[in-house]
There are 2 protein chains.
Amino acid sequence: MQFSFRLPVATHILLCIERFKDEYKATSTFLASSVNVNPVIIRKTLGQLKAAGLVDVAAGVGGAKLTKSPEDITLWDVFQAVEEDEDLFHFQENPNPKCPVGRNIHGVLGDRLEEVRQHMLADFKKVTIADLLASIEAKEAAE
Amino acid sequence: MQFSFRLPVATHILLCIERFKDEYKATSTFLASSVNVNPVIIRKTLGQLKAAGLVDVAAGVGGAKLTKSPEDITLWDVFQAVEEDEDLFHFQENPNPKCPVGRNIHGVLGDRLEEVRQHMLADFKKVTIADLLASIEAKEAAE
DNA sequence: CTTATTGTAATCGATATCATTACAACACAA
DNA sequence: TTGTGTTGTAATGATATCGATTACAATAAG
């Protein structure tokens, strides 16, 4: 069980926009060629990033730009933009209310799992687009 | 995007086995009536917990028992028993190798996300079946 | 008006999950 | 030995989600 491609794809998009901002217009076709997914997927994801206020997309003329500096965009922003804000795990809707375990498990286990999720979100906040771009440049320079 | 029912169901099973160990034989039918899923799901999950060494299941005569004390079983054990040990997110298989972002994103972003996953697993280790049972008893006593 | 692009809907195939039925294997008791 | 209750497992079906793809109206600029 895994999360979908969406966070990695959205992150890839933001990195490409920033990395090539002075060289290429960031159209869905251009971005699709780096990520290697269908341009429609790029447009949908770009739509989510736009709704979250992370990018501006030029209708008609084409191209996307970041609305903030890459130091100010974290994986948390990206995750919130492309994933539903929901529990980490599914819970059985109707456990047996006559069983002490059944009638309390959602509350008790759900609380613990929500804490885990909050830690995960806090971790996401520690990583910025600028960090990732710096790591990429470092790797490029290394070899 | 969420993880499946499996961790909550498996946890529910372990809690019921322990909670009712002196009152009822923990058959798949009995457990199914508390969790409210099909007994076959219980048997499959019980099979995973058995493979992970967390329970003994009596073939033929029926019933399951914990192999360790509930203080020594954590959500990490349960998670490992029922979920694949894989990346948290899918990555695009073939990003463009001619693009500096495309050829480095898996390495760079994958590393950060793996750290997040390790933190999540560490969080799971902090919660035991005994903790959860204590919380349930506390809730029961409260009202 | 032409051109390139975005935004969006619709459809398709693939995959995963859980529910359910069915049945052989098994352990124990009468 | 036979009967009963149970486990282990295979097979099937319904449902949901995801990503790929096609299609096309709306948009902006020359």
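Every chain is numbered from 1, with letters handed out A, B, ... down the list of sequences. Both backbone and side-chain heavy atoms feed into the values below; hydrogens, waters and symmetry mates do not. Here the structure is a predicted model, which means the values were calculated and not measured.
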Could you say whether A/Pro39 or B/Gly47 is positioned toward the 5' end of DNA chain D, judged by the nucleotide with the nearest heavy atom to each? B/Gly47
In whole angstroms, the gap separating P of D/dC18 from NE2 of B/His90 amounts to 10 Å
Out of D/dT21, C/dA22, C/dC28, whichever nucleotide has its closest atom nearest the side chain of B/Val61: C/dC28
Tell me whether the side-chain N/O atoms of A/Ser28 come closer than 4.0 Å to OP1 or OP2 in C/dT5. no
Separation of C/dG7 atom C1' from A/Leu46 atom CG, nearest Å, is 11 Å
Mind telling me whether B/Phe89 and A/Phe79 have parallel, tilted or perpendicular rings, with 30° and 60° as the class edges? perpendicular
Among D/dT7, D/dG19, C/dG7, which is the nearest nucleotide to the side chain of B/Thr27? D/dT7
On a heavy-atom basis, the closest approach of B/Asp77 and B/Asp72 is OD2-O, 3.8 Å
Look at the side-chain N and O atoms of A/Arg6 and state whether any lies under 4.0 Å from the OP1 or OP2 oxygen of D/dC18. yes
Whole-Å distance, A/Lys44 NZ to C/dT11 P, equals 13 Å
Quick note, B/Ile41 side chain, CB onward, closest among D/dG8, D/dA23, C/dC18 is C/dC18
Of B/Gly62 and A/Asn36, the one whose nearest nucleotide on DNA chain D sits closer to the 5' end is B/Gly62
So A/His90 and B/Phe5, would you call those rings parallel, tilted or perpendicular, with 30° and 60° as cut-offs? tilted
Nearest whole angstrom, please: distance from the C1' of D/dA29 to the NZ of A/Lys25. 10 Å
Is B/Asn38 near enough to C/dT20 that one of its side-chain N or O atoms lies under 4.0 angstrom from OP1 or OP2? yes
OP1 or OP2 of C/dG7 versus the side-chain N and O atoms of A/Lys50: is any pair under 4.0 Å? yes
Tell me the interatomic distance from A/Phe5, atom CZ, to C/dA14, atom C1', rounded to whole angstroms. 12 Å
Looking at every non-hydrogen atom in both residues, tell me the closest pair between A/Ala10 and A/Val82 and how far apart they are. CB-CG1, 3.8 Å
Classify B/Val40 by what it touches in the nucleic acid, base, sugar-phosphate, or nothing, heavy-atom distance under 4.0 Å. base
